[in-house]
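Residue indices begin at 1 and follow the sequence shown.
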Amino acid sequence: MRPLLLAAAIAFAPMIWCQEIASPASPEGLASSISAAADSAHAFDFSELDSTISACRDLNGFVNAKWFATHPIPPDQSHWSVGTALAERSLAIQRNIVESAAANAGRVTASSIEQKIGWLYRSGMDQAARDKAGFDPIKPLLADIASLRVRSDISGYIRAHYLEGGMIFLFGANADAKDASRQIAVAQQGGLGLPTPAYYAEDRYTDLRRAYSEHIARTLALTGITTADAEEQASDVLALETALARASLTPLQLRDPTRQYHFVTVLEASKITPHFDWSAFFTAQHATVNQGFSIAQPGFFAQFDHLLATAPMKQWRAYFRFHLIETASPYLSTAFEDNHFDFRGRVLAGQPQQQPRWRRMLDNINALMGMALGKLYIQQNFSPDTKQQAEQLATEIGAALRQHIEQADWMSAVTKKKALDKWSKVLLKIGYPDDAHWRNWDDLQLTPDRYYGNVMAINLFNYQYEMAKIGKKTDRNEWIVTPQRIDAFYEASTNAVNIPAGFLQPPYFYPGSDDAINFGAIGSFIGHEFTHAFDDEGSRFDGDGNLTDWWTPQDRQAFTARTARLVEQASAFAPIKDKPDLHVDGALTLGENMADLGGVSIAYDALLTALEKSPGGAMAIMSGYTPEQRFFMAWARNWRNNIRDRTREMALHSDPHAPPAFRANAPASNMTAFSTAFQCKVGDQMVRSGDQQVKIW
């Protein structure tokens with residue numbers, strides 16, 4: 001279980017905010033610096049701009065319409081974006097690493113990470129061996145489930161087989177929200193097979209629930225039970241999950257940090273779940289829990305306990321049986337893999353075709369041993385000079401944020417002082433871990449065959465690593481995201497901004513290239529992560545990562561009034577043409593929309609400061625576009641993303657990120673600087689003024 005993360009989510013971020021500009025503006029008197037432009041021309045392909053769409057009407061369309069038309073979604077993808085294109089290039093590099101490791105696993109140093117990665121990949125790619133084994137690897141566990149007879153057996157199964165399919169709730173280590181310097185055990189709601197509780201209740205998902213029930217039955221039938229038995233058990237599984245869903249908080253409710261933390265002693269926990277022995281569970285997990293732990297959503301666990309006492313034993317057996325098979329399916333034979341994709345990929349995400357086997361194995365390696373692979377990736381593909389340049393850019397963005405805090409006219413001096421204290425404690429983690437914080441994998445034992453066995457060995461190894469943190473001090477410098485990841489995060493419990501090396505590549509970052517492009521692309525993302533420290537969630541944590549109210553009531557009220565206008569803007573947007581009644585949830589996406597607006601505003605001011613230090617750069621026009629225009633164009637280019645409608649619809653209910661087109665347009669539409677840069681006029685759709693314009697940071 002990782003700490004509260006607030007992410008840019010480039011690889012997947014669902015939108016559009018349409019609005020009219022004539023040809024690109026070239027303000028009279030602004031000189032052209034062709035020599036400066038020549039070295040940076042590769043950073044933006046100006047021929048991709050759509051001159052038939054005015055930036056003042058729709059920045060997203062102006063920058064991205066041609067790209068949308070020429071980049072259809074591949075059949076084995078649920079969406080296709082500049083981020084996924086970058087990820088594909090990165091995966092090609094990673095593929096070379098793992099295939100080389102697999103080919104040389106018998107010759108490299110014994111128990112090295114190269115050998116472990118090689119054996120994991122080799123065993124996963126040996127489909128003949130996996131097909132021959134069928135579901136043999138889980139037969140002993142299925143027998144254990146079949147032997148469950150009395151109520152106490154249910155808790156015993158969860159304790160003994162939590163990792164293999166007993167995960168009815170989430171459990172792991174996390175910083176104590178009230179004392180972030182220490183790690184505690186945290187139990188959170190879980191156990192559902194559909195994306196959110198709404199899928200179990202709303203009429204619009206009736207067909208999807210039917211498809212899920214059919215999927216459960218097919219999954220169970222793969223282990224040899226009759227069709228009639230499989231259908232009956234599927235009904236039991238859906239009934240149990242529906243009961244859990246009724247007590248589960250929605251994604252919007254979970255955005256409230258206070259609903260992710262409820263510290264109790266073990267004795268107090270037993271009053272919430274009198275039929276579940278937490279002490280016995282902790283002992284079985286090798287977790288040392290002394291003073292207490294967080295039972296994050298008490299209402300969910302009360303319902304869980306009620307079901308322990310009342311749900312028929314056959315329901316529990318069916319539930320455990322299905323979730324064991326479902327969890328194991330990606331690591332078993334072709335029949336199980338294909339069945340898993342048929343629902344998870346084709347039905348839920350609308351993805352027509354499964355990805356090639358090498359890609360699936362590589363995704364699994366990233367999920368299971370991502371930090372080990374990251375070390376090999378960094379050694380071959382990321383220079384210290386790029387890391388240094390990115391750190392310098394991030395420092396400049398941070399300085400601009402400080403100025404924005406100091407100049408906030410709606411915040412009192414008392415709260416502003418505490419905000420600046422938090423700003424001063426933000427930890428920048430750029431590129432990859434320092435030498436002392438690469439994970440040690442020496443005790444992990446793998447084999448050249450038995451893929452499912454290797455996967456479970458790694459799961460146990462990672463779980464033990466997690467359990468060992470409980471009761472220890474929080475290490476702010478630990479990396480919880482892999483260096484090769486195409487993404488960025490703000491981590492509230494450590495007050496840290498994480499920018500992995502995989503993110504620091506074109507089209508987001510061009511080392512030594514045009515400042516306008518770099519500040520508009522990666523700079524805005526870095527500003528986005530900084531801003532998360534002060535959004536509606538991050539602002540509830542102080543500079544040391546503690547959940548505490550450090551705002552005056554008046555400042556919080558002023559903040560809420562401004563954010564409410566941002567909620568209204570997002571909620572007006574309906575991204576699916578054929579479903580105009582489906583709107584963005586402005587409250588669910590508030591944190592990310594706020595971070596977008598703050599990030600772009602902060603990065604823009606940081607660019608102006610950089611241009612003041614380089615007058616020649618300030619004068620540079622490229623293909624007729626000023627630095628200010630290129631800044632906004634680079635931001636909009638970040639959101640080139642074609643998405644399948646089913647994936648988009650699922651995201652509207654569960655993803656805290658608004659659709660890409662909205663993210664491209666919304667920040668610029670709230671900035672006078674954008675209107676000035678493109679010489680927009682009052683009445684243009686991208687121009688907001690007066691009370692329509694939102695400014696927070």
Examine the side chains of Arg688 and Ser669 and answer whether a donor and an acceptor come within less than 3.5 Å of each other.
yes
Asn96 backbone acceptor or donor facing Ser100 side chain under 3.5 Å
no
Under the side chain to side chain contact (heavy atoms under 4.5 Å, CB included) test against Met361, which residue among Gln355, Met125, Arg95 passes?
Met125
Check whether the side chains of Glu99 and Tyr121 place a donor and an acceptor atom closer than 3.5 Å, and report yes or no.
yes
Does Gln388, at its CD atom, have more than 12 non-hydrogen atoms belonging to other residues, nucleotides or ligands within less than 6.0 Å?
no
Any donor-acceptor pair under 3.5 Å linking the side chain of Asn641 with the backbone of His79?
no
Is there a donor-acceptor pair under 3.5 Å between the side chain of Ser571 and the backbone N or O of Gly586?
yes
For the pair Asp655 (side chain) and His657 (backbone), establish whether a donor and an acceptor sit closer than 3.5 Å, ignoring hydrogens and angles.
yes
How about Trp635 and Phe525: are their ring centroids closer than 6.0 Å?
yes
Please state whether the rings of Phe678 and Phe62 are parallel, tilted or perpendicular, taking 30° and 60° as the class boundaries.
perpendicular
Salt bridge or not for Lys613 and Glu396, using N-O below 4.0 Å?
no
Lys387 charged N/C atom sitting above Phe382 aromatic ring, 6.0 Å / 45°:
no
State whether the side chain of Gln354 and the backbone N or O of Asp338 hold a donor-acceptor pair below 3.5 Å, judged by distance alone.
no
Side chain of Gln629, backbone of Thr626: donor and acceptor closer than 3.5 Å?
yes
With distance as the sole criterion, is a donor-acceptor pair present between the side chains of Asn670 and Gln569 under 3.5 Å?
yes
Would a distance-only check, ignoring hydrogens and angles, find a side-chain to backbone donor-acceptor pair under 3.5 Å from Arg646 to Gln351?
no
Go through Leu120 and Val98 one step at a time and tell me if the side chain to side chain contact (heavy atoms under 4.5 Å, CB included) criterion holds.
CA-CA 9 Å; Leu120 177 60; Val98 299; over 6 Å; no
Using only heavy-atom distances, determine whether the side chains of Asn462 and Arg439 contain a donor-acceptor pair under 3.5 Å.
yes
Between the side chains of His528 and Glu592, is a donor N or O closer than 3.5 angstrom to an acceptor N or O?
yes
Can you tell which of Leu393, Thr386, Leu504 makes a side chain to side chain contact (heavy atoms under 4.5 Å, CB included) with Pro511?
Thr386
How long is the gap from OG on Ser654 to CG on Leu252, to the nearest 0.5 Å?
12.5 Å
Would one find more than 12 heavy atoms of other residues, nucleotides or ligands at under 6.0 Å from atom CD of Glu568?
no
Spell out, as yes or no, whether a donor-acceptor pair under 3.5 Å connects the side chain of Trp438 to the backbone of Lys375.
no
Run the salt bridge (Lys or Arg N to Asp or Glu O under 4.0 Å) test on Glu337 and Arg357 for me, step by step, so that the C-alpha distance in whole Å, both residues' side-chain angles and the decisive distance to 0.1 Å come before the verdict.
CA-CA 10 Å; Glu337 265 195 300; Arg357 182 164 305 284; 2.8 Å; yes
List the steps and the verdict of side chain to side chain contact (heavy atoms under 4.5 Å, CB included) for Leu362 and Leu373.
CA-CA 10 Å; Leu362 193 51; Leu373 177 58; 4.1 Å; yes
Salt bridge check: are Glu491 and Lys429 linked by an N-O gap of less than 4.0 Å?
yes
Only one of Phe44, Tyr625, Tyr604 passes ring pair (Phe, Tyr, Trp, His ring centres under 6.0 Å) with Phe631; say which it is.
Tyr604
Is a side-chain donor-acceptor pair under 3.5 Å present for Tyr508 with Asn518?
no
Any donor-acceptor pair under 3.5 Å linking the side-chain atoms of Ser675 with those of Thr672?
no
